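Report on the structure given below.
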Number of protein chains: 2
Amino acid sequence: MPGLPVNAPYHHGDLRAAALQMGMERLASQEQPDLGLRALARDLGVSATALYRHFPNKDALLDALALEGLNRLGQHQAEAAAQAGGGHDGFGEVGVTYVTWAVENPALLRLIYSRVGQVDLAADDPTAMGEAFRQLRAGIAAMMPDEMSKDRRAAAALHAWSLVHGLAMLILDGQVEYDPAMVRKVVLMTDFSASH
Amino acid sequence: MPGLPVNAPYHHGDLRAAALQMGMERLASQEQPDLGLRALARDLGVSATALYRHFPNKDALLDALALEGLNRLGQHQAEAAAQAGGGHDGFGEVGVTYVTWAVENPALLRLIYSRVGQVDLAADDPTAMGEAFRQLRAGIAAMMPDEMSKDRRAAAALHAWSLVHGLAMLILDGQVEYDPAMVRKVVLMTDFSASH
DNA sequence: TCGCAATGTTTATGCTGTTAACATGCGTCT
DNA sequence: AGACGCATGTTAACAGCATAAACATTGCGA
């Protein structure tokens, strides 16, 4: 039994990592990337079925890519939150950042949301995908103004998430043209200190 | 040249309409319907390639289904708007209705948004899909309070559309559990008469 | 050094969308 | 009425896909 390095290179030299990297590159550079096993294997200079030694099936590969993307999104959100300095204004900036990141990573955001919904919760690693998303949710909720009641905080967090996610999806689906100024105006429109 | 009945039955008896109806039934009854040409043809009691006499390819079939779904959504929105009686409160009800319809027609809503974005705008019938969506947008914009400036109306309409669409997608993707009371609270949270 | 297990390849299966060639029959025109 | 034509449906075939099984290779641990 080997020590710690789980991904020790064998014949190819860590084909798993190479496949994931190539997948991430395609997700970053193309709007509708070809993530077929044959296409990936061909461009990796490897036979069509070699990837089955590292992933049980195609969905597992996509899940791994989605998880990596989710981690990057979460990290990006955390950076934006830290830079904005918290508070009401900072929270707005985080929302704008979400939309901006989505526009810059359309295929990756779509992959994340297409995969995270149908993850088998009884799988081997229940913490992988679900935990990353739970962290994202917690981050959103934690950024709400302190003076709110717990109930209102939950509703406000869901409101904020829905707003930026919906705006991002409408832009990605081509229903709304991307206009940074308009995005800013729309996202910052909500006044969370209002009544209700 | 025949008169008005464009879809006169031949051998099968209007296979095109039968295929669309079966597709709509599957979209209505299943979360991830099998809309494969072979599966549809088999259940229609027809050979696998018969549908190519009525649709140039699979995408055309899906586009036709998405268009039908879009019309139903628009009609549903119009009914909700009329019932709500316009005004600020009525507008909120329309938003709640959007989310409710999405929850009740998840596969159809997903199909609509997945197809409408990549429609070839230079196609034969440029009015079909795009026009239906333009009508939906116009309906949303027309429902904004009258006292707003044109600019603010546009931003508020996009805000409202983003909010309900994002909330619907989060529910459909399994990120948020469907809770009618919570949906109502979140959708009605925005106060459009606020400053900015 | 030997062996085993991890890695990669070859081959094969059943699915998919799609095309071409062929068959059938309703509608129309003479 | 009869024949032609075109819309419709069928059969056969092809390329691509994900995937599984059998086989080959190679590096690490005992």
Side-chain angles (χ1 to χ4, degrees), chain A residues 1-23 26-27 30 32-66 107 111 114-115 118-120 123-124, chain B residues 1-23 26-27 30 32-66 107 111 114-115 118-120 123-124:
Chain A
M1 208 180 296
L4 287 180
V6 185
N7 290 333
Y10 272 75
H11 301 82
H12 173 276
D14 210 343
L15 179 59
R16 178 187 166 94
L20 291 178
Q21 182 182 344
M22 171 162 290
R26 295 190 176 193
L27 284 164
Q30 303 168 23
Q32 294 177 4
D34 183 6
L35 298 176
L37 292 180
R38 281 175 148 82
L40 284 177
R42 183 176 349 106
D43 292 9
L44 284 167
V46 96
S47 93
T49 62
L51 293 171
Y52 280 88
R53 299 296 146 181
H54 302 275
F55 305 93
N57 50 38
K58 184 185 179 183
D59 280 356
L61 205 183
L62 296 182
D63 284 344
L65 289 172
L111 179 68
S114 72
R115 285 282 132 197
Q118 53 206 32
V119 164
D120 186 7
D124 293 344
Chain B
M1 209 180 296
L4 288 179
V6 185
N7 289 333
Y10 272 73
H11 299 82
H12 174 277
D14 210 343
L15 177 59
R16 179 187 167 93
L20 290 178
Q21 181 182 344
M22 173 162 289
R26 295 190 176 193
L27 283 165
Q30 303 168 24
Q32 294 177 3
D34 182 7
L35 297 176
L37 292 180
R38 281 176 151 84
L40 283 177
R42 182 176 352 105
D43 291 9
L44 284 166
V46 96
S47 92
T49 61
L51 293 171
Y52 280 88
R53 300 293 146 183
H54 301 273
F55 305 93
N57 51 38
K58 183 186 179 183
D59 282 355
L61 205 183
L62 296 182
D63 284 344
L65 289 172
L111 179 68
S114 72
R115 285 282 133 197
Q118 52 204 32
V119 164
D120 186 8
D124 293 343

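Quick caveat: nothing in here was measured; it's all calculated off a predicted structure. Each chain gets a letter, A, B and so on, in the order the sequences are listed, and its residues count up from 1. In what follows, every heavy atom counts, from backbone to side chain, and hydrogens, waters and symmetry copies are set aside.
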Distance check needed: [N] [atom2] versus [X] [atom1], whole Å only.
X: A/Leu15; N: C/dA6; atom1: CG; atom2: P; value: 16 Å
X: B/Lys58; N: D/dG16; atom1: NZ; atom2: P; value: 18 Å
X: A/Arg16; N: C/dG8; atom1: CZ; atom2: P; value: 13 Å
X: B/Phe55; N: D/dA7; atom1: CZ; atom2: P; value: 17 Å
X: A/Tyr52; N: C/dA12; atom1: OH; atom2: P; value: 18 Å
X: A/Asp14; N: C/dA6; atom1: CG; atom2: C1'; value: 13 Å
X: A/Asn57; N: C/dC15; atom1: CG; atom2: P; value: 18 Å
X: A/Leu37; N: D/dA18; atom1: CG; atom2: P; value: 5 Å

Base [N] paired with [X] side chain (donor-acceptor, <3.5 Å):
X: B/Arg38; N: C/dG17; result: yes
X: A/Ser47; N: C/dT10; result: no
X: A/Thr49; N: C/dT10; result: yes

In Å, rounded to the nearest 0.5 Å, how long is the span from CZ of A/Arg38 to OG1 of A/Thr49? 9.0 Å

In Å and rounded to the nearest 0.5 Å, what is the CZ to CG distance from B/Arg115 to B/Asp59? 4.0 Å

Is any side-chain heavy atom of B/Leu44 less than 4.5 Å from a side-chain heavy atom of B/Met22? yes

Does any non-hydrogen side-chain atom of B/Phe55 lie less than 4.5 Å from one of B/Asp63? no

B/Asp34 vs A/Arg53, nearer the 5' end of DNA chain C by closest nucleotide: A/Arg53

5'-most contact on DNA chain D: B/Ala50 or A/Arg42, nearest heavy atom basis? B/Ala50

Comparing B/His54 and A/Leu35 on DNA chain D - which has the more 5′ nearest nucleotide: B/His54

List the residues meeting side-chain contact (heavy atoms from CB on, under 4.5 Å) with A/Ala39, not counting sequence neighbours, and say none if there are none. A/Arg26, A/Asp34, A/Arg42

Which nucleotide in C/dG8, D/dA12, D/dG9 has an atom nearest any side-chain atom of A/Val46: C/dG8

